[in-house]
Structures are given as C-alpha cells and as structure tokens.
Amino acid sequence: MLQRFLDPLVLSSISSLDLVAKTVVDGFVAGLHRSPTFGFSQEFAEYRQYTEGDDLRHVDWNVYARTERIYLKRFKGETNSQLLVLLDASASMTYGSGKVTKLDYARFMAASLVYLSSQQRDASGLITFDEDVKTYVPPSTRQGQLMRLLHAIEQAEGGMRTDFAKPFVHFQEFLRRRGIVVVLSDFYSDPAEIIKVIEPLRYRGNEVIMFHLLDPQEIAPKFKDPVLLVDVEDDTAMEVSPEYARNEYRDRMGNHRKTLADKSAAAGLEYVFMDTSQPLDVGLRNYLSLRQRRR
Amino acid sequence: MGFLTPWFLAGAAAIGLPVYVHLLRQYRQKPVPFSSLMFFEKRTQSSIKHRRLKYLLLFALRCLVIALLVLAFARPYIRSSTIAKANSAKTFVFAIDNSFSMRQGDRFAKAKQAALDQIGKMGPGDRAQVITFGGPAKLLTDMTSDKQLLRGAIQGIQSGDDASSYAELSRILRSTVESVKNDIDAEVFTDLQKSSLPAAFSDLHLDDGTKLVIHPVTDKTIPNWTVENVDAPRRVFDTKKVRTVATIAGFGTPDAVRKVTLLANGRPIETKSVKIGINGRATVEFLTLDVPYGLTKCEVRLAAENGAASDEFPNDDHWYFSVERADPKPALLVHGENDPSSPLYVRTALESATDAAFTLDSKTPAQATSLDISKYAFVILSDPGPVPQRLEESLEKYVQAGGYMLVSLGRNATPGRNVPATGIPVNQVHTIQPDTETVQTVAHIDTSYPSFGKAQIWDGVTFFQYVKLQTPPESPAVRIAARLANGLPLMVDNRVGEGHVLIFASAFDNIANNLPLQPVWLPFLEQTTHEMGGVGSGQGTYKVGSYVDLRTVKEKNIPVEIVGPDNKRLLTLAESAKAVAFQFPSEGFFDIRRANGREELAAVNADRRESDFALVTPETIDSWKNTGIASSAEVGVTRQGADTTRDENAELWWWVLALLALLAVAESLVGNRQMTAAEK
C-alpha cells in the first residue's frame, strides 16, 4: 500500500504539491509506525516557562487552562534543526524517459522533505538554481512558510545549464545557522569540482546530503537502434550507437557515480543515489536517519 | 522465356521505394533529447552500423512483392518447345495419293512402298497418321505409334478413280496441326500432277509448323490421249436420228491418228479414225446408235491405229454413257374447231426436236371428250374455247393424278371463266390497238424454269393479243415463269394436285403473236414438252465422286437400290430405306432403282483432269513448302536441322500472381510482428 503511494508515477497524477507531500510523508510515517526497526516519536522535549519575547504560537494553551501558568512547548528540532533544500532546476533535470522527469522527482522529494520538516517545526528553506540562484526562500518556521516553500518548489522550471560554482558561493552567504542541507541534482559535472564547491558547506557544521537523481535511461540507456542524441542544455547533437550506450557509457556513468560517492564520503558529505523510477522512501529514509544521528 | 508486355518491366524501378524506406529513410534519424552527452563519444562505428538493414526480411519481402508485381504485368511466358524438345517425339502424317492417275504404271505401288519405308524410319516415340487424298481426304488411322497398324492401313489402300486435290490435302494438314497442337511432318506420296493444284495458290497454305516432304513417284511427264467427253442423247426414240459426238484430247502428245470406236453393250457399232494435233483435241461424230429397247451401256473407246493401247495410260481411253431406247410417247393437242395453225406449229416443232420423243394427237374439244386422256404423256389445250364439262372433268382428274397440261389462251377464251383444271379466272382478252398502243414483248423470264433453260432470246417475239388473267394469289402452288412488258403474267405454272397446269396467256398461232415463227419457238416447246413428258429429267453421265439424289422428301422409307459395276448391291438394307444421296466411288455403270420406281443406268467416268500428267514445277513445290515454314518463323518456331518443333507460349502470370499473394501475406505478417516489437 505504501509502495503504491510513494510511486513517482502515482504522485505525478496528483496536481497539488502539498497533497503530494502529505501523501508521501503521512504514508511513509504510518509505514514507519508499523516498522519495528525504526523508533520514532514526537520531537517534544520539555516545557519552558514563558518569558517575554517568546513566540505566543508555542504556548501550550491546554496547560494554561489547567494551571493558569503560561508554558511554552519546546521541541528538540526547533532548537537545532534547519533544513535547506538546494534544488537543481537546470535543463538537464527536465529529462525523463517516462512520465516523471528528474525535476518532478526532485520536486516531490523537496516537497516531502519540507513538509516533514514543517511537521516537526523545523525551519526549512529552499534555493533553486541552475547556473545561478533562481529562487531563494530563507529557512523559517513562520506560519505560511510551508506554503511559500511549496509554491517555490512548484514554480521551479528547467532553466539553463548547471554551474555549481556560482550559486554555491551565494549559498554560503545564506547559511547563517547550521542545519541540514539537501542538494537535489543530477550532478552532471566533474565530481571533483562538485565536491570542491559543496564541501565548504560542511565546514560550517552543516550536514550535507547529496541526492543524486538519475533517470533509468541515464543509468542504463537502452537503444535498439543508433540514435541521434541532443543535449538539452547546449543543443549539441551526437550520434550514438546502441553498443556504445550498452557498454562504454554505462562504465563511464558507473565511474562517475563511484567517484562522486567516494569523494563525497571523503569530504564528509552524505551521498545518496536515487533512481527516479524508484519510490521516494529511500530519500526520506536517508534524511530521517541523518536526523537521528544528529540527535 | 520471354515477356508479352516487356515495357512493364520499367516498373522495376519501384523497388527503389523499399530501398528508400529501409535504407535511406531509416538513416535520417529523429533527434532524441538527452540530459547530458558528457559521457558519450562520437564513434565512426555507429555511423556505419546505421546503414545496416534493420528489417532485412521485411525489406526482402517488399522488394520481392514489387518485383513480382512488375513481372506479372510484363506477362512472362515460356515456350512449350522446351517440353517438346525434351521428348523430341515427332508427329508424321503419311498422305498417299490414290487418285485415278496413280493407276498409271506402278505409281501407286511405288507410293505405298515409299510410305512403308518411311514408317520404318519412325523413332520410338514418334506418332503418325495415314490419310489418302485421291478425292475427298480420308483419315485411315488415328494418330498412333503402332507401326503395324500404320503399315496395315497403307497396305489396305486401293487406287481410286477420283481426282486428287492438293488444296484438299493442305486443308486436312491444317486441321491436323490444329488438332494435334504440335508440329507435323507431312510425308506426301504423289505423282505431282499439275492439274491437282487449285486455281488459287492461297488454298495451298499450310499452318505454322507444318514441314512438307514430298515423295514424288515419278519425275517425267508421259503423253496421254483420252476420251474427254461424249455428247449423246439420254433417250433414243429413233435410232437413225441419234447423233453422238466424242471429244478426244491429247495431253503432252504429238500429232497422231487414233481409232475411236462406239460400242453398245460391249458390241462395236462403228469405228472411226481421227487425227489429233499436238496437245490438241478432235471430235468424232457417230450418226447412228442402234441399240435395243431399254437401257443400254454404251462406250466410246480409244485405241491406236493398230488396235493396241493408245498410250501408257489406257485407263482413260474410254468414256461410258448410257442411253434408253423407247417408243415416242403420245401427246394430246386439243385445239379450236377453226384453228388449223396451232396444230401445225406444235406438231412441226415436236417432230423437229432431236429426239422426237412424242407423237402428237390433235383433236377438237368435242373429239377429245371421248378419249382416255390418262394414256397421254401430256395435254396441250391450244385456245380450245369453251371446253365440254366432261372433258374438263377428265382433264382435272388427269392433272390431279400427276399429269401435265399446257393451256394457251387466245381469242376463244371466255372472260369470267376459270382456266380448265385451275382456279385462275380469265379477266379479259385484250387485243392491241395499233393506233393507241404498242405491241407487248416479253420483259421478264425465269431462267430457272425448265421451259426457258436454253431459249432465252425472246427479243423478237411480239404479242398483239393476250389474255389478262386475274392476278393469282401468291402461294407455293403458283409460279409466274414469264411476264409481259406491262407486267402481266405471260406464263404461269399452277400446281394442281400432283400435276401441273402451265398457262400461256396468248395463243400458239401467228395471229395473236409471232412466237411460232421465231427461233425461240422450237427450244421453248421442246423443253416444255420434255418437262411435261418426263423426258428431260435425269442425268445419264456422272463423274467419280459426284452425288446422285435417290429420293425426294416425300419418298421416305421407300427402298432404293443401287447395283455397282461388279453387280453387287452397294447399299445395306438400312441405307436403301434411308439414303438420300449416293456418291459414285468408281468408274463404271450403276443401276439405280429410285424410290419413285424409275430405273436409271448411271454411267460414271473418272475426272479427265487426271489424264493430264504434266508435273508441278519445283518452284511451285518450294513455295508450297514455304507456306508452313515461313509463317512459323514469324512466331518463333525453332528449327534445328530436320527437327521442327511448334512453339506455344505458356503464360506464367498466374503463377507469379499466386506467389505474389503468398508474399503479400508474409509481408503483412512480418511487418505486423516487427511493428509490434518496435512499439514494445
């Protein structure tokens, strides 16, 4: 049942992104409850007496009704969690051999993560980029933040080519609090360069998760006949034989992924490879396990 | 192999269509967007592999479909000569001339022996047929490989008395080629008489694939005299007044004197010598023919002066003819009381006739009343005026029983009364008024009518008085044989019962017209009386191969009888009851008893064209042979050496279409399968 709800193809039929996120997260969470391997509970930590300047939204009005004392509800995440999603919206992300493109998949992922984060009262933000920063929603726990994020995610469209160097310089300016940084991209660039750009994020105490999204056709292209491929980013065309796609390409793609994984591990970055034909739970599970570690 | 419509082969260019679809069109690829090409490299290998035929089977099927379609339209054929060559069996026709001329010397024996020799040369698979063409061509065997049967057929052939015809031979060869549907070798054994050639060379045309091989039994022309014809009366009434004229002809002969003998029943009556010029003709006249009463077999025979055979071919040195001696038959002439002229003219005319077959009995109507009319051969009423009732009844009865009566009508005719024994009334007796009218002449005569067979010059005959008959209604019983210039009937034949009444609308005197004074009078009356008296009917002399009528339509199931020259009956019982005609097979005398009871002695002679032994020229023979060969070359007959095969175009487009249909189905199946696979 869960599998069905997390299937990207099923999710793509849901027009509203918040509904997608709810479906994914609620289903995923319900599935976790039934699972004995994961202990998961509310992030509630303690009550704290109200002092001036505290946000009234955190007042536990039930306690006030019983005791006539004002207590604030405190959550663990609220104190140390901030989620920033870096969504690659370059042209290459618009590729998809099926109904779901990589960008769609990344949007589902991003929406699910911010929804989950907002459920836990964590501040969450979003940056979409291609060769430059396209959208920036600062992390916040304010009311309506989720809607802002979802709207921004919804608006993310395929843009120009990917250039990690330029936008990531800006990211560092935006990241003032440490937290979790999720990078959703297909990482079509030199692994060393990517790691070199992303690595500084880790220096500030951020936990960085690199979600490497690839279409099945990108992982293992299957051409019966020779095809003329056109790069969606720069419109260069190339004639590709099925034999090449079957053998050499796969080797090179495998090397790329391995290098990326090795280098990210060496840099203390979390690297998660995701096949866009697979359900979304892999991504969520990785995110939550990272949260667990941080606690 | 060839094509009937080869220009359709240009459609083979359409094979370029599948080539384009499979090779060229496939090569132009549709660009496929891809996320990044950073892991791809351009390789020459891929370009080369583009050119590979993707759907090799489908491509092959499509090419074949188009090729077969083009092939079917081009209508391919193969020549069946290939098959004929494979078994190389030949078809022979052995044509043997057994005509009258082949009786000369040992010609016929030579021809048969040559044919037997040719049978011995036949190969194991060869087939042959034996025919004769001495007269109408006869197939003696079917097409067979049985040499024994063929030899038996040849040995059984008898020489005949008929005339050969190379046109007839060509006709039978054409029909043989048509029926066996193969080339034939026509082996012809003949004496190559020029007289056997048809008048038109086109009649000798042979069909394609007919190889004509002529085996002449002689190569020289021999001089030959023959009795070409004899002109003798059919019946003899007065032996002193008979004139027999024999024509003697020489073919390739020098000047010579020959003895010609007239024989009756084998007994010589008179012999005369006659001198015949180079290749000439001469006539011999015999003025008496003393024969006994009844039918007599007569013959004119030709011999050398010393009594020996006149030449090397004695078979044609005679001419058979038959005569019948009888007493003159009585005929009755009834004339008016005061008419002395018509008996005179009629009697004179009858007695002047060559055979004087009738004796005339002239009576007035009153005298004739008491006569037994039935004993007369015919009756002539020459403007008798009113006929007594009793006589009229007698005449009517006579005609009804089959008698003939000639009625001439003149001034004594009574308007309003019927012509005796007929229902045709007399309207008016018209006399020409010289001041206002011109005399009438004969404007139209029916030359097929017996009375006008020989005498057709009626120009000088003028009519001053004639009887206007009421125009008789058109019916088979009434025949108008002659008309006057004003269109009125002059002579009407009215069949009454079994007999006939001939009405002449003017009198036989020199007052109403000048007919009795004109030359046409004698032959007119002679022919008319001969027809009426039954003298003129029947022909005494026939040619071999000609037919004689044995019965009329009315004479069904009445037996007839024919006795041949060898005194054998020639008809079976069934034939004697049903045979309508009989063909004379040979020379000689044939006794014929007809269905009407009359006896006849038919003298049959060979066709005298056979007496001319002049040979066909080699050029003509070559031209004849070439008619078959030249035509067959036009349609592509293959000839190698002596071998001749007949080509027939066996068309193959049916097979091509059938194969095309199968390939189309296969193409659909394969195409569908590959399309489904591609979609998956």
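Letters A, B, ... are given to chains in the order of the sequence lines, protein chains preceding strands, and every chain is numbered from 1.
Counting heavy-atom neighbours within 6.0 Å of B:F73 CZ, excluding the residue itself, gives a total of 12 or less. Other residues, nucleotides and ligands place no more than 12 heavy atoms under 6.0 Å from the NZ atom of A:K258.
A:T236 touches chain B through backbone and side chain together, each having a heavy atom under 4.5 Å away.
For the atom pair CE (A:M253) and OG (B:S36), the distance works out to 7.5 Å, reported to the nearest 0.5 Å.
Scanning all heavy atoms of the two residues, the minimum distance from A:R252 to B:M38 falls at NH2-O, 4.2 Å.
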Might you work through the side-chain contact (heavy atoms from CB on, under 4.5 Å) test for B:L37 and A:L229, ending with a clear yes or no? CA-CA 8 Å; B:L37 300 182; A:L229 298 180; 3.6 Å; yes

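Legend: salt bridge (Lys or Arg N to Asp or Glu O under 4.0 Å) pairs involving residues 1-17 of chain B, not counting sequence neighbours: none detected.
Ring geometry, A:Y249 versus B:F34: the interplanar angle exceeds 60°, so the pair is classed perpendicular (tilted spans 30 to 60°).
Residues passing the side chain to side chain donor-acceptor pair (under 3.5 Å) test with B:R62, sequence neighbours excluded: B:H22, B:E667.
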